[in-house]
Every structure is written in C-alpha cells, then in structure tokens.
Amino acid sequence: MSVFVELDSDSMILNVRVSDKLTKDDYATFAPQLEKYVEQHGPLRVLLQTDDFHGWEASALWEDIKFNVRHFNDIERLAIVGEKKWEKGMATFCKPFTTASIRYFPPDQLEEARNWVAERET
C-alpha cells in the first residue's frame, strides 16, 4: 500500500504519508478513514508527507478529483511536505478543489509544517 493514515487525537491533525504511485484502491482505503474522522470530529487539518512519490495512476487521479469535490469543506488546513520540486505544484493544483489553507514545505521543514498546520487562526 502506498498510503498510511493516522489521526493524532491530541492535536486533531490527520497525518497522511504517501509513497510510490497512488492507485484507485488506495482511495478506497483512505476515503472512508477520512470520512469517519470528519463525521466524528468535524473539519480536519492534514499533514501530507510524500516519500518517493510517483504520482497517480489514471484511475486514481479521477478518484482524487471526486474525493476533493466531495470533501471541499472538510479540510481546514493542508500542509504538503515533499521532496520534489513538482510537488510544490500540488499545493497550487489543490486550491480550486478545497476551501483549505494550503502550504508546501520541503522535507527539511517537517517541524515547521507540523506547527503551521496546527496553528489556530485568531
């Protein structure tokens, strides 16, 4: 599997790690987990870490678009931590599909990403 999902119940941050290439089956696993957390806790903050990530299979890209439309308001903040320059573009690509605040961080700024995603706006 190329997706790992875990909710930190203290900070209410959903930690998501992806690697390799996302498949349609990954969404079949990931989406119900996120939906359960949203139902239990309301909109979430997500820390997305990519490691040796190679994008999406074609069927998974369609699942990603459907997922983003369905969960347009379910994510408050999204921090994307990635090692490749094109992953910065993911932050820009995601913006039309969500009301979340989105920021990209390089891997050496993981702690800054964690702090930013946890910040509460005043």
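All residue numbers refer to positions in the sequence shown, counting from 1.
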Margin query: With side chain to side chain contact (heavy atoms under 4.5 Å, CB included) as the test, pick out the partner of Ile102 among Ile75, Leu48, Leu78, Val46.
Written below: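 Exactly one pass, corresponding to Leu78.
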Legend entry - Atom pair CZ (Arg114) and CD (Gln109), whose distance is rounded to the nearest 0.5 Å: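 That separation rounds to 13.5 Å.
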Cationic N near anionic O, under 4.0 Å, Glu119 to Arg77: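 Between Arg77 and Glu119 there is a salt bridge, with a charged N closer than 4.0 Å to a carboxylate O.
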- [ ] Identify whether the distance between the nearest side-chain nitrogen and carboxylate oxygen of Lys36 and Glu39 falls below 4.0 Å.
- [x]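 Salt bridge flag = no for Glu39 with Lys36.
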With the side chain counted from C-beta on, respond yes when [X] and [Y] share a heavy-atom pair under 4.5 Å apart, and no when they do not.
X: Val5; Y: Asn15; answer: no
X: Phe4; Y: Ser19; answer: no
X: Leu14; Y: Tyr37; answer: yes
X: Leu7; Y: His41; answer: yes

Arg45 vs Met12, side-chain contact (heavy atoms from CB on, under 4.5 Å): CA-CA, chis, key distance, verdict: CA-CA 7 Å; Arg45 290 159 177 267; Met12 295 310 299; over 6 Å; no
Chi angles and distances behind the side-chain contact (heavy atoms from CB on, under 4.5 Å) call for Leu47, Val16
CA-CA 6 Å; Leu47 177 62; Val16 179; over 6 Å; no
* For Trp116 and Ser101, which heavy atoms make the closest approach, and how far apart are they? ->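 What the structure gives for the nearest pair is CH2-O, 3.3 Å.
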Where do Tyr104 and Gly82 come nearest, in terms of heavy atoms and distance?
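Closest pair (atom of Tyr104, atom of Gly82, distance): OH-O, 2.8 Å.
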For the backbone of Val81 and the side chain of Thr50, can you confirm whether one donor and one acceptor N or O come within less than 3.5 Å of each other?
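Yes, because the side chain of Thr50 sits within donor-acceptor range (under 3.5 Å) of the backbone of Val81.
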